[in-house]
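In listed order, ligands and their atoms are each counted from 1. Every heavy atom of this structure was used, including side-chain atoms; hydrogens, water molecules and symmetry mates were not.
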Amino acid sequence: MLRKALALALALLCQLTLLAPQSCAAYTDVPQNAWYHDMVNQMSQTGLLSGYQDGSFRPDNPITAAEFTTVTARAAGLSPGASSGHWAAGIMQAALEKGWYDWDELPPTGEQYDQPIPRQLAAKIAMKALAPDVWGDYNTQSQKIQDFAALEGRYYEPVLAAYQAGVLQGDDDGNFRPKEGLSRAEACAVVLRAANLSGGPKAPAQPEQPAAPVQPVQPCKGGVSENGRLQVIGTQLCNKNGQPVTLRGMSSHGMQWYGQFASAGALASLKEWGANLFRVAMYTGEGGYLSDSSLKEKAFAAVDAAVQQDLYVILDWHILSDGNPMDHAEQAAEFFTEAAQRYRDTPNILYEICNEPNGNVSWSGQVKPYAQQVIAAIRAQDPKGVILVGSPTWSQDVHLAAQDPLEGENIMYTLHFYAGTHGQQLRDRIDQALALGAPIFVSEWGTSRADGGGGVYLEESKTWLDFLDQRSVSWCNWSLCDKGETSAALNPGANPAGGWSEQDLSASGRFVFSRFSSSN
Ligand code: DCB
């Protein structure tokens, strides 16, 4: 009996070790005395190339073009660009732009990405990426390569350089076999040796896998640990059990200007004040994502911070000065493909695909076709996450959307209002839309006028919130920042790290924060 229990415990222990290959000293198939043993371990410990869930590394398996380029890019500290389709498309594009390979060697159709990478191409990518200044002497180095004639001309230089610097060595017969595949163990050697020519591999710039679901520190009242994955039933937003939920919280101001207020401490504060929702306003124009793609990392970090606080979180493609969403539909589809890959297993996420269409756009002409395109991109990755869709006139034309709705599940229409500008007429549109069966989400509203200033209009805001509460419509207030404008919830100088008391809140903030958990 005791023996049996011991054996069982032992077996369990083994299994556990097998599940954590990176922390485990030995891969099951990497012998201590293998020539690649140390390099494989170094690559795996630094997160450059990991083994498999079953505890194996599979050192003799060929590495694919996408894998090799990704590992090289990590070692070189190159970040992926925006992408859609293949998991490595962003890295492949960035590598192409760097000139590590030419488009005809690995066409962007992606068909060859998952094929074993030819050794000559691997040598070229590694040398261009990691040791661009190394030069190889034709006369001495070509001597070392028995099958030099098999090498294509465009690979002479990087292969000669790689031999000269000791990145490559021939096999026992002195052959390079330029068109054959490279094993995973060889890939470790090539990348490490090339990287060591210039100070060693960089720390990986990107987590190897899409962010693992982050664990919340403290549960949020009405948050994700309580309500789980959202679903839309009829016009009502519901929790995982099909019971109605109302989300109430704050939108960031433009992440490019006030991203510091999306800190862990700020979001913890927001939660303590009773909110269960945060919105990440990633401007596309005005110095936003379309001119500075690094804003994506900032936006993702803000989403992660909200996830950690157990808040629901809206990722907002904040079009404003660029009022026609169709103008950047491709970029939006790429952005949301990546976002949905990253967050499809994270029940906190809501995707807002176009903040406020405006200018010369109509629902059926531009916004609806745009939405169809971007929703398809999201749905290819995340079949269920809630998607919020704007409408013309700064997301005030929900009646038009309701008359010509989108197909699909878990789609809601956003209505935006500013209490100093918009009143009963816009409230009536909500009732019109709901009557037509269109679910409504107020993903942005302000206590100010529509320009973010004036007022504050607290009486009008109260009328609005009472109206929304009666209909269980969720809302998000503009904005969580300390800018000197009346719509800002914080007084100028408030600490971006949170811990706010009453004195830190503006007149707008005090009113809005008092309504997070109200049901009056
Ligand atoms: C929305 C936008 C939001 C904007 C607020 C307040 O725009 F979604 O980005 O925020 O409402 O206007 C403001 C900030 C300012 C900033 C400015 C430009 O508060 O600090 O300088 O964005 O980035 C709306 C909403 C409604 C209407 C017009 C606008 N409307 N608009 O009904 O006429 O033109 O910005």
CD1 of Ile314 to OG of Ser443, rounded to nearest 0.5 Å, is 5.5 Å
Ligand 1 atoms in contact with Gly452 (distance to a heavy atom under 4.0 Å) | 6 (C), 12 (O)
Closest by any non-hydrogen atom to atom 13 (C) of ligand 1: pick that one out of Phe417, Tyr283, Tyr418.
-> Tyr283
Measuring from the heavy atoms of Trp257, does anything fall under 4.0 Å of ligand 1?
-> yes
In ligand 1, the atoms that come under 4.0 Å of a heavy atom of His422 are 32 (O)
Please state whether the rings of His253 and Tyr258 are parallel, tilted or perpendicular, taking 30° and 60° as the class boundaries.
-> perpendicular
Side chain Asp102, main chain Glu105, donor-acceptor under 3.5 Å = no
Mind checking whether Asp451 contacts ligand 1 via backbone (N, CA, C, O), side chain (CB onward), both or neither, at a 4.0 Å heavy-atom cut-off?
-> backbone
Is the closest heavy atom of Gln396 to ligand 1 under 4.0 Å?
-> yes
Tyr343 (side chain) donor-acceptor with Phe300 (main chain) under 3.5 angstrom = yes
N or O contact, Ser487 vs ligand 1, cut-off under 3.5 Å = no
With under 30° as parallel and over 60° as perpendicular, where do the rings of Trp464 and Phe467 fit, or are they tilted in between?
-> perpendicular
What residue and heavy atom of the protein are closest to atom 21 (O) of ligand 1, and at what distance?
-> Lys483 NZ, 3.3 Å
Measure the distance from atom 14 (C) of ligand 1 to every protein heavy atom, then report the residue, atom name and distance (to 0.1 Å) of the closest one.
-> His253 NE2, 3.3 Å
Under 4.0 Å from a heavy atom of His318: give me the atoms of ligand 1 that qualify, with their elements.
-> 2 (C), 3 (C), 8 (F), 9 (O)
Considering only protein heavy atoms, which is closest to atom 1 (C) of ligand 1, and at what distance to one decimal place?
-> Glu356 OE1, 3.0 Å
Could you check if a side-chain atom of Leu311 sits within less than 4.5 angstrom of a side-chain atom of Val224, using non-hydrogen atoms only?
-> no
What about Tyr351 and Trp317, are their ring centers closer than 6.0 Å?
-> no
Polar atom proximity, Asn355 to ligand 1 (N or O, under 3.5 Å) = no
In this structure, atom 18 (C) of ligand 1 is nearest to the protein heavy atom Glu286 OE1, 3.4 Å
Atom 34 (O) of ligand 1 has as its nearest protein heavy atom Trp394 NE1, 3.5 Å
Report yes if Glu485 has an N/O atom closer than 3.5 Å to an N/O atom of ligand 1; otherwise report no.
-> yes
Within the structure, does Ala450 bring an N/O atom to less than 3.5 angstrom of an N/O atom in ligand 1?
-> yes
Would you call the rings of Trp500 and Phe261 parallel, tilted or perpendicular, where under 30° means parallel and over 60° means perpendicular?
-> tilted
Which of parallel (below 30°), tilted (30 to 60°) and perpendicular (above 60°) describes Trp445 and Phe511?
-> perpendicular
Shortest non-hydrogen separation from Ala262 to Ala305 and the atoms involved = O-CB, 3.8 Å
